[in-house]
Amino acid sequence: MRLGALEAGGTKMVCAIGDENGNIYEQVSIPTETPEITLPKLAEWFRERNVEALGIGCFGPIDLNKESETYGYITSTPKLPWVNCDVVGYFKKALGCPIGFDTDVNGSALGEVTFGQAKDKKNIMYITIGTGVGAGVYAEGKLLHGMMHPEAGHVLIRRRQGDTYEGKCPYHKDCMEGMTAGPAIEARWGKKGIDLKDRPEVWDLEAYYIAQALVNYIMTLSPEMIILGGGVMHQEQLFPLIRGYVKELLAGYIKTKQLDDLEHYIVAPSLNDNQGIMGALELGRRALEAD
Ligand code: ADP
Ligand code: ZN
């Protein structure tokens, strides 16, 4: 199978050619400009490579309801040139092949369950903490869409006593994304996360807020594994701190073998940061199969 994979992000578009086993033969990155500039470049790249199907993991919010007139569109994104952009329609027309489409984070979750450490699991979450916070949910063996798709990066969390930072989310200010994403770290501490490595108070507060969101996810979705990726999670010291606060906040209420072994429950991605693009390959494979 010759599959195309596209990880569509707000700053860059990662394009790859691969197969149903997760092998990647070729990969390029194209900057995200406006749809008028970027979409034709992407289509040309895939057209020249004769893909049988294309899988797209896309930044959002997006419309995933196949009954909807705007299925396959990016809907209300803060990246204004992309508002109401018909991504699936564009590639269908340009390539004439089946197109698989889901959120970027659902794509990463799918990559991990198809090719990575979560292979034997039916319920996991993949959370990215980067420029924003996004969460993909794989529940009972399926990517969860529900009414639209989860936007669990915007869950509301409790402010730590004495913390006066207002929060960076344009919609909610101090939701999880507003308190923990890279831009929030930079606004709060006056430096980029990567330059704050040696400031333990930064990562303690960060972990405290991330842990609250994870506890909310554990309570509502009951995942068997939580995978934390994205630029901010490159600060590996966060993992033990997050596990510590999760344990504290759960307060012994839930008892499972997974929660007894948090080191294997709250984990880093397992596919060398290829989980998104490999998940997009699987979205493409599924679209071909369903065709
Ligand atoms: P995106 O979310 O745009 O796809 P990333 O996941 O790389 O991209 O996230 C970028 C954000 O993560 C930026 O705000 C950046 O400051 C932050 N970041 C990237 N690398 C690190 C790092 N090593 N430590 C802390 N923060 C980082
Ligand atoms: Zn928000």
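As the structure lists them, so they are numbered: ligands from 1, and atoms in each ligand from 1. Worth knowing before you read on, the calculation uses all heavy atoms, side chains too, and leaves out hydrogens, waters and symmetry mates.
By the 4.5 Å heavy-atom criterion applied to side chains, I266 and M225 are not counted as neighbours. Within the 4.5 Å cutoff, the side chain of D19 has heavy atoms near those of the Y25 side chain. Taking the side chain as every heavy atom from C-beta outward, M13 and T38 approach each other to under 4.5 Å.
Under a 4.0 Å criterion applied to the non-hydrogen atoms of P183, ligand 1 contributes the atoms 14 (O). The distance from ligand 1 to the heavy atoms of G230 drops below 4.0 Å at these ligand atoms: 6 (O).
Within the sub-2.8 Å shell of the Zn ion (ligand 2), the protein contributes these N/O/S atoms: H154 ND1, C169 SG, H172 ND1, C175 SG.
In this structure, atom 4 (O) of ligand 1 has no protein heavy-atom contact shorter than 4.0 Å.
Checking only distances, G231 does come within under 3.5 Å of ligand 1, N or O to N or O. Between T128 and ligand 1, no N or O atom pair is found at a separation short of 3.5 Å.
Connection of Y265 to Y138 is not established within any shared hydrophobic cluster, with ILVMFWY side chains joined at heavy-atom distances below 4.5 Å, either directly or through further cluster members. Using a 4.5 Å cut-off between side-chain heavy atoms of Ile, Leu, Val, Met, Phe, Trp and Tyr, with links allowed through other members, I210 and F239 fall into the same hydrophobic cluster. Using a 4.5 Å cut-off between side-chain heavy atoms of Ile, Leu, Val, Met, Phe, Trp and Tyr, with links allowed through other members, L95 and L281 fall into different hydrophobic clusters.
Looking only at atom types and distance, the side chain of D204 has a donor-acceptor partner in the side chain of Y245 under 3.5 Å away.
Of the protein's non-hydrogen atoms, the one nearest atom 9 (O) of ligand 1 is G130 CA, 3.2 Å. In this structure, the protein non-hydrogen atom closest to atom 23 (N) of ligand 1 is H234 CB, 3.6 Å. Given atom 24 (N) of ligand 1, the protein heavy atom at minimum distance is Q235 NE2, 2.7 Å.
Assignment of G9 to the shell around ligand 1 is not supported, since no heavy atom sits closer than 4.0 Å.
Between the side chain of N65 and the main chain of Y71, no donor-acceptor pair closer than 3.5 Å is present. Side chain of W82 to backbone of E33: a donor-acceptor contact under 3.5 angstrom is found.
Both the sub-6.0 Å distance and the 45° axial angle are satisfied by K79 relative to the ring of F59. Both tests do not hold together for R199 against W203: distance to the six-membered ring centre under 6.0 Å, angle to the ring axis within 45°.
The option from T11, D273, T131 that lies nearest to atom 2 (O) of ligand 1, judged by heavy atoms, is T131. Comparing G193, G134, A184, G182 against atom 14 (O) of ligand 1, the shortest heavy-atom distance belongs to G182.
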